[in-house]
Amino acid sequence: MKSQFLSIVCSKKSASFLCSIFLLLLLNSSVYAAPNIPLNFDGWVIETLAKLEVSGVTGGFHRHSLPLSRADVANIIQNAEARIRSGVVIISPIDRKLLEKLKREFLFELAGTKQKTHVHIQPELRFADKKIAPALQSGLHYAGGNSKHRFTVYSELEISNFEQGPDFTESFFLPDPPPLLKSADQRFERWYMDYVVDFKRSYLQYHLMPFGDAELDLLVGRDFVFWGASPDKSVGISDNSPPFELIRLTGTFPCKIGTLKVTAFSAQLNSTWFDDGTTRYLAKRYLSAHRFDYQFSDWLEIGAAEWVLYGGDVQTVEWSYLNPVIPYYAVQYNAKKDDNIMFSLDGAMRPIDGVRLYAEWVADDFQYNPDTFDPHAVTWLTGVEWYPMQAARQLGIHTEYVRVNRWAYTHLVPDNQFTHFGAMIGHPIGTDADIFTFRVSYQATPSAVIESHFSHQRNGEADITDRFYGEAYQDIPFPSGVVERLSEIRVGWKYRPTTGLKGSVNYAWRHIQNIEHAAGETEQEHRFVFLFAYAWGN
């Protein structure tokens with residue numbers, strides 16, 4: 001890694017080119033954007049909901065199974081208002097203002113109008129990594145139906161000459177990705193002046209309530225999936241990788257105490273080349289997963305999930321893995337296959353309003369047979385969120401530790417490694433690594449957040465291409481080999497005074513020891529990211 005210096009390059013030619021794109025999209029009523037809530041281009045809705053949930057305002061809302069729809073958010077807002085009216089929670093002034101801001105954003109959904117089309121077009125000015133350049137995000141969201149039956153069409157797109165990622169700003173402060181095998185597929189093609197047109201999400205969705213308060217939801221298309229308790233990145237299925245081409249079925253069922261949310265999906269991943277010098281083939285790869293998420297009352301949420309990643313020469317879809325209710329492990333065991341099956345548990349509890357404790361645990365390979373002398377390939381994280389009432393819920397403190405043991409995310413069959421288009425599907429630090437983070441935020445106003453962040457990351461020499469071949473693993477330290485250490489201090493400011501206008505400024509200083517596992521090699525980096533945007537839409 002090399003030190004980064006900033007320079008400004010902005011030509012009239014690039015500006016006129018982006019303006020032409022913008023006019024073309026406007027005339028064709030096109031649309032596009034980033035993950036999180038549909039038409040929420042910067043993630044503030046998810047962040048606000050998370051804060052209100054910790055403060056006890058919203059109650060539980062299956063926070064561990066994302067993404068949420070706009071109708072989901074409307075239900076959460078209505079539940080929060082009911083809790084306030086009944087006196088279940090005493091809301092702070094800043095949380096009341098945040099709730100009112102959410103109500104303005106979801107005015108249509110709260111009104112229960114039968115049919116509506118949202119169109120947002122958001123030109124942006126981005127400044128980071130040696131350049132400044134315009135970009136564009138846009139999205140189309142059509143919803144029609146009633147409370148019992150609802151049909152949704154959604155599509156979003158980003159046009160920029162920066163690296164594509166779930167979030168432009170956050171992508172510059174994520175851990176540097178570990179070395180991975182190259183993909184045989186091409187995610188996108190560089191266009192004029194190095195610009196990329198990337199359809200981030202695009203799907204058809206049908207939602208119905210067939211009986212009572214039970215809800216069923218079927219989604220077909222391209223979308224992100226996030227399963228886990230962390231407000232940052234999950235160690236299971238996270239939004240770190242590009243979105244999946246998938247079919248997803250979700251059901252929410254009221255229980256005597258709390259609610260149960262079940263989700264199952266199957267997706268096709270990118271293809272990879274296998275070449276061991278004697279055999280060469282193109283591996284087709286697939287991912288199937290199912291999950292139970294139980295919200296007990298308003299203070300406890302627990303979840304369990306299982307998924308299987310499989311691929312190979314002339315591989316096709318395994319129909320037994322499309323069954324959402326049969327355990328994948330039993331299917332694989334009976335068929336004597338060697339697919340990559342993983343199991344996860346996660347939970348979060350809110351012992352008092354303002355405090356949330358959470359943890360995740362994922363077993364890529366867990367040795368329950370005492371006669372087996374292989375290592376456990378597991379990964380886990382734990383963290384705390386705290387919004388003290390003494391500071392009127394404006395101050396937020398968040399700390400988290402993540403550990404990914406050696407041989408987690410990997411597999412003896414290279415086709416089955418836990419990646420999608422060269423990115424970790426799980427946590428971005430990869431295998432044989434851990435990271436500690438400590439973050440302090442201050443909600444100065446409903447529209448302005450000031451944040452400081454410290455993190456320390458350790459990377460061992462092993463990566464996802466490393467496989468267990470009978471080593472004396474008890475003698476291998478964690479992390480292994482010459483350990484690369486990365487410390488980062490970051491400060492940032494986010495401002496969104498209106499629904500359409502937003503801006504952010506972030507600066508980070510990094511200190512890296514043993515760069516690329518070369519003992520004694522050190523370096524410093526300075527990273528600065530600026531974003532300004534204004535969205536037009538109904």
Side-chain angles (χ1 to χ4, degrees), residues 25 28-41 43 45-46 62 65-73 109 115-121 137-145 149-159 164-167 183 185-189 196-208 215-227 237-252 261-271 284-291 307 309 316-317 319 321-322 324 420-421 423 425 537:
L25 290 171
N28 288 279
S29 300
S30 299
V31 263
Y32 316 94
N36 303 307
I37 300 297
L39 298 174
N40 172 216
F41 293 173
V45 173
I46 288 290
H62 295 289
S65 298
L66 300 177
L68 301 173
S69 68
R70 294 185 67 87
D72 291 332
V73 179
E109 287 78 12
Q115 184 172 314
K116 180 67 175 179
T117 301
H118 292 274
V119 178
H120 286 181
I121 300 173
Q137 294 195 87
S138 173
L140 166 69
H141 181 265
Y142 167 81
H149 300 271
R150 186 170 60 255
F151 179 73
T152 301
V153 179
Y154 186 66
S155 183
E156 63 180 38
L157 171 124
E158 178 180 344
I159 301 174
Q164 304 292 298
D167 182 273
S183 170
D185 290 336
Q186 188 165 310
R187 168 66 182 158
F188 45 68
E189 177 69 33
V196 167
V197 180
D198 183 23
F199 287 86
K200 286 192 167 183
R201 301 169 75 186
S202 189
Y203 56 76
L204 302 177
Q205 188 174 19
Y206 181 62
H207 178 94
L208 70 154
E215 301 180 30
L216 295 177
D217 188 281
L218 176 64
L219 183 144
V220 180
R222 175 181 294 182
D223 200 10
F224 287 87
V225 176
F226 187 102
W227 288 353
I237 297 180
S238 182
D239 62 349
N240 182 62
S241 72
F244 302 124
E245 313 291 344
L246 52 73
I247 298 176
R248 186 173 69 222
L249 179 65
T250 304
T252 305
K261 184 175 183 178
V262 295
T263 309
F265 75 85
S266 289
Q268 182 169 356
L269 304 181
N270 69 296
S271 300
K284 295 293 185 181
R285 306 167 68 239
Y286 304 89
L287 176 68
S288 291
H290 44 213
R291 171 179 172 82
W307 54 87
L309 195 157
T316 59
V317 173
W319 288 95
Y321 289 147
L322 298 184
H420 182 39
F421 283 108
I425 297 174

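Numbering starts at 1 and runs along the sequence shown.
Side-chain contact between Gln137 and Glu156 is absent, with no heavy atoms from C-beta onward closer than 4.5 Å. With contacts defined as side-chain heavy-atom distances shorter than 4.5 Å, the pair Thr152/Tyr206 does not qualify. In this structure the side chain of Ile425 never reaches within 4.5 angstrom of the side chain of Asn240, judged on heavy atoms. The shortest distance between side-chain heavy atoms of Gln115 and Tyr142 falls below 4.5 Å. With a 4.5 Å cut-off on side-chain heavy atoms, Leu68 and Leu66 count as touching. Side-chain contact check for Leu287 versus Trp307: some heavy-atom pair is nearer than 4.5 Å. When side chains are defined from C-beta on, Leu249 does not count as touching Asp217, because their heavy atoms never get closer than 4.5 Å. Here the side chains of Val220 and Tyr203 are not in contact, with every heavy-atom distance at 4.5 Å or above.
The side-chain contact (heavy atoms from CB on, under 4.5 Å) test applied to Glu245 returns Arg222, not counting sequence neighbours. Every residue two or more places apart in sequence or in another chain that forms a side-chain contact (heavy atoms from CB on, under 4.5 Å) with Arg248 is listed here: Pro67, Leu219, Asp223, Val225, Leu246, Thr250, Thr263, Phe265.
Between His118 and His141, the angle of the ring planes lies from 30° to 60°, which puts this pair in the tilted group.
Thr252 contributes atom OG1, which lies 5.5 Å from atom NE2 of His62 (distance to the nearest 0.5 angstrom). The OG atom of Ser288 lies 9.0 Å from the CG atom of Leu309; values are rounded to the nearest 0.5 Å. Here the straight-line distance linking atom CZ of Arg201 with atom CG of Asn36 works out to 7.5 Å at 0.5 Å rounding. Atom CG of Asp167 sits about 12.5 Å away from atom CZ of Phe41, to the nearest 0.5 Å.
Closest non-hydrogen pair, Ala267 versus Phe244, comes out as CB-CB, 3.8 Å. Between Phe226 and Ser238, the shortest heavy-atom contact is CE1-OG, 3.7 Å. Among all heavy-atom pairs drawn from Arg70 and Pro38, the shortest one is NH1-O, 3.1 Å. For the residue pair Pro324 and Ala264, the shortest heavy atom distance occurs at CB-CB, 3.6 Å. Here the closest heavy-atom approach between residue His149 and residue Leu208 is recorded as ND1-CB, 3.8 Å. Residue Ala71 comes nearest to Arg150 through the heavy atom pair CB-NH2, 3.1 Å, listed as atom of the first residue, atom of the second, then distance.
The closest side-chain donor-acceptor pair between Ser271 and Arg285, if any, does not fall under 3.5 angstrom.
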Can you check side-chain contact (heavy atoms from CB on, under 4.5 Å) on Phe199 and Ser155, steps first, answer last?
-> CA-CA 7 Å; Phe199 287 86; Ser155 183; 4.1 Å; yes
Run the numbers on Ser65 and Arg291 for side chain to side chain donor-acceptor pair (under 3.5 Å), then give the verdict.
-> CA-CA 9 Å; Ser65 298; Arg291 171 179 172 82; 2.8 Å; yes
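A 6.0 Å sphere centred on NZ of Lys284 holds no more than 12 heavy atoms belonging to other residues, nucleotides or ligands. Few gaps surround CG on Leu216; more than 12 heavy atoms of other groups in view lie less than 6.0 Å from it.
The backbone N or O of Gln205 lies less than 3.5 Å from no partner atom in the side chain of Tyr154, so there is not a single donor-acceptor pair.
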